[in-house]
Amino acid sequence: MIPKPLVEQISRSSSSSLDTNSSFSEFDSVATTPPTSFTTSPSLGGTPDSMYHEFQDSLPVPFFPASLDQSERNGPQLPQYLPQLPNNVTPTEVAKQDLGTPDNWVNRNPELVRLTGKHPFNSEAPLGVLFEAGFLTPAHLHFVRNHGAVPQVNHEMAAKWTIRVYGLVEQEITFTLQELQERFPVVTLPVTLACAGNRRKEQNVVQKTLGFSWGAAGVSTALWTGVYLADILDYVKPIRRQAKYVVFEGGDNLPNGPYGTSQRLSWAANKDRGMLIAWAMNGLPLEPDHGFPVRVIVPGQIGGRSVKWLRHIEISDRESQHHLHFWDNKMLPTQVMPDQARAEKHWWYDPRYIITDLNVNSAIARPDHNEKLYIDKTSDIIASYPVRGYAYAGGGRRVTRVEISLDQGETWTLANIKYPEDLFREACHQDSVYGSLDLTERDTSFCWCFWTFDVSHDILASCDALMVRAMDESLGFQQRDMYWHALGMMNNWWFRVAIHKTVNDDGKIVLQFEHPTLAGTAPGGWMERMKVAGEDITKPVFGENGKDLRPRAPKPQSDDVCLTKPGVNRKITLEEFKAQNHQQPWFVVNGEVYDGTPFLKDHPGGGDSILLVAGEDASEDFFAIHSAEGKIKLAEYHIGTLVPSITQEKPIITHSDGSFLERSRWKCVRLCDIKQINHDSYLYRFALPEADQPLGLPVGQHVFVRLRRQDTGEMVQRAYTPVSQQGAVGFIDFLIKLYLPSALTPTGGKMTTGFHQLRLGDSVELKGPLGSFIWEGQSTALWKEVRMTVKEVGMICGGSGITPILQVLRSILQNTETETRVWLISANKTEQDILCREELDTLFATHGMERFKLHYTLSVMPGVWPYSVGRLNDVLLAEHMPRPSDHGLILVCGPDAMISHTVKPGLQNMGWDVEKSLVVF
Ligand code: MTE
């Protein structure tokens, strides 16, 4: 098949290319002066036509993967001014793990980290090993992403392998690989492939996604040889205006049909985008794991678009309909949880969430995880450490800057970037294996680049972390915060390496580096460590220096601004406040006292505006004028909290019946018990001052709870309905669903995060009762001060909205004399989210359908479930709520959107007058 001299050339190159690509720093030292003229193999003519004939026999010989046949082979050597080919160290044996699998014939590098157990094979090299391999990744270190078994293709099948091109074209055709080479110019491009899941392990540590745990080595670069897809399209002539997509299908056999995906025709037909139908990788036939005998290469896009074991190319008016074209490679909105994504098909079919181009990304490879650096303080030489790593971007965009931070993201410095891909732009190389390797007229950047940043040992020893971020030429940027989502793809927040400093027995300082995670199931990395320690890993703070930065980090915004100063606990009575000299003005904002004296000179509105409010409550004026900046400033002048004057202070118990609550006075209760109810809800019990003291809360009413956040010092308050039984004495129970800080809601719920910080013995304050509705019992309600007889009560609650509903429900059902009947719908996400289910079911079992119609609906499909699935809607309301009547009332408590978009219109459709009959808690 191939002229003898070329076979010799290939075998010669195997010995001479050894070690030339072993590391980027070595690559740096390679002669970089390209020849001034076009380089070409002596046997090749210069014109395209004559070239096709010369390439006729140009498939690498033998045309079979090196790992399966003559593993000693290497691709033909490249001229010295180009990045050198990696040494091909293909394994010659089947690894133990593959023996019992359908891939028991594929020879794989045992050094690769297996990410999905034995089968299918998904793997990446250890990051340090990949990085040291240099610009071109040898096949045995290239990451692999297989959805199923590798199609087994022998010599004979490879020779007969065909690709059918059909659909909306003027001439359908089926090519063998030989024919492809004969008909079209053979080209080679250096292309970086990156899996969309690269760095997903970091997302999985924050919260498990639907995908497995790629480290930061799900990215590799090779020379891919084949023909331009654009040339094939030109040949088959897509039918204008009808043809819109090019659909690729692989030869693998997966449970939901073959792997397939598509490209827009306009992209595929554009040679600038560089899409290839490729049969060789680094000058050798593709390895089975990489698509032998032929695959698609789509530069600049996620690896998932580069279909392996290519069988068909269909020109179509619609995108690929392959299962994995929809059910993979999506970046869903961050609020869609994995269970929800699994249950709700529409997310996957929404074209807005498809991933095509790679986003900009970078990682630190040196120092490696657990690498140690010994600092020699005795030497006069100022030693430095070259921090190094990779960066890449998508869509052919160049990485235009890489920045390093040594102070946890406060300041950044530019790193030095090398673009080995640019060396290919200097001159065109031609030979019978690579065809034309010509980037001289290309502006696209399809490869990773490498960056270096020298840090002196002294400075490194004073840092707690190294961080890197990159930007591309469209100013796409790596963000500080992680965009967590159910598939965990395209993770590109800043890459952070923690630094731990210890001093040896001999007095030497040792720095040890810690990467965020380790690929696959391997434990380790600062993310897991900090998570176990209960820290917020989405806003990591490293070491002592980080603690100083903490208050500076997230600047509170508008409403979230804390108006008090941490540590200020002084109580100031009204007398003391009023007696203050007005030339040293104290004023009150939201019950807190401020001393404006130090700010008189600098106040932008002049000192008079402060003197004018001396001795007064300035809350209204202050909020009317000041921005978030002004509010932050105010906290600096906080001196204490205004308390009622001693002479006016009322005794703790003022009610004649001795009940606890007071409408106009905050009163302390002490946390005495916490019980976990489900994955995110807790029962908090607070003791009243007296063990036999009634609470004093009518059924259907609420209390204000106020607490001071232990982290920010901020006072926060919300209305809650307790779940303690009516008539309970000496305590009050609150059922609280916690919304803690997470990747999705970085600040978490302000109040519930405060609850989470409470420890037994801590106090909160209560004030109440409040609310416009009271269930008085005996079929009587008092609503907006009007007393009414109620015989039918519909109740609708979303999630934790059960609490006020439950009070009324208990009261109605426990009173057996009345005939009032109740209908309840409890709407939740999953079965586990249903609060107070046991009690509801017991009430139902006790009182039966006659008095109590109970129904649940879940938005996420459970296994076996006798109630409804789906969000609340008109049909559910009509089926499970009472008909409108003169003695009917509907009570609702849940999210605003549920009430205004579903409940109100739904009840109106049933004929309810919501103004007169809908009580919203
Ligand atoms: N093509 C087929 N036929 N089957 C596959 O499972 N995986 C895709 C893509 N092409 C896949 C495929 C994915 S998700 C990626 S990231 C790349 O192949 C990985 O290519 P590699 O294994 O050669 O690195």
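Being a predicted model, the structure only gives us computed values, none of them experimental. Keep in mind that the numbers below use all heavy atoms, side chains included, and drop hydrogens, waters and symmetry copies.
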Q | Arg837 to Tyr856, cation-pi by 6.0 Å centre distance and 45° axis angle | A | yes
Q. Any Lys/Arg nitrogen of Arg810 or Glu839 sitting under 4.0 Å from an Asp/Glu carboxylate oxygen of the other?
A. yes
Q) How close do Val669 and Leu688 get, heavy atom to heavy atom, and via which atoms? A) CG1-CD2, 3.7 Å
Q: Examine Phe660 together with Phe686 and report whether their ring centres are nearer than 6.0 Å.
A: no
Q. Does atom NZ of Lys675 have more than 12 heavy-atom neighbours, drawn from other residues, nucleotides or ligands, at distances under 6.0 Å?
A. no
(Q) If you count heavy atoms of other groups shown closer than 6.0 angstrom to NE2 of His756, is the number above 12? (A) no
**Q.** Spacing of CE belonging to Met331 relative to CG belonging to Asn359, to within rounding of 0.5 Å
**A.** 6.5 Å
Q: Work out which heavy atom in Met898 is nearest to a heavy atom in Val892; give both atom names and the distance.
A: CE-CG2, 4.1 Å
Q. What's the spacing between Asp841 CG and Cys836 SG if we round to 0.5 Å?
A. 11.0 Å
Q. Relative to each other, are the rings of Phe773 and Phe921 parallel, tilted or perpendicular (30° and 60° limits)?
A. perpendicular
Q. Are there more than 12 heavy atoms of other residues, nucleotides or ligands under 6.0 Å from atom CD of Gln676?
A. yes
Q. Around atom NZ of Lys791, are there more than 12 heavy atoms of other residues, nucleotides or ligands at under 6.0 Å?
A. no
Q. Ring centroid separation for His147 and Tyr259, is it under 6.0 angstrom?
A. yes
(Q) Quick check for you: to the nearest 0.5 Å, what is the distance between Leu697 atom CG and Leu770 atom CG? (A) 8.5 Å
Q | Inter-residue atom distance Phe734.CZ - Ile732.CD1, 0.5 Å rounding | A | 3.5 Å
Q: Decide yes or no on side chain to side chain donor-acceptor pair (under 3.5 Å) for Thr261 and Ser320, but give the supporting numbers first.
A: CA-CA 5 Å; Thr261 182; Ser320 157; 5.2 Å; no
Q. Taking the inter-plane angle between the rings of Tyr682 and Tyr684 on a 0 to 90° scale, is it parallel (under 30°), tilted (30 to 60°) or perpendicular (over 60°)?
A. tilted
Q: Classify the angle between the aromatic ring planes of Phe704 and Trp666 as parallel (below 30°), tilted (30 to 60°) or perpendicular (above 60°).
A: tilted
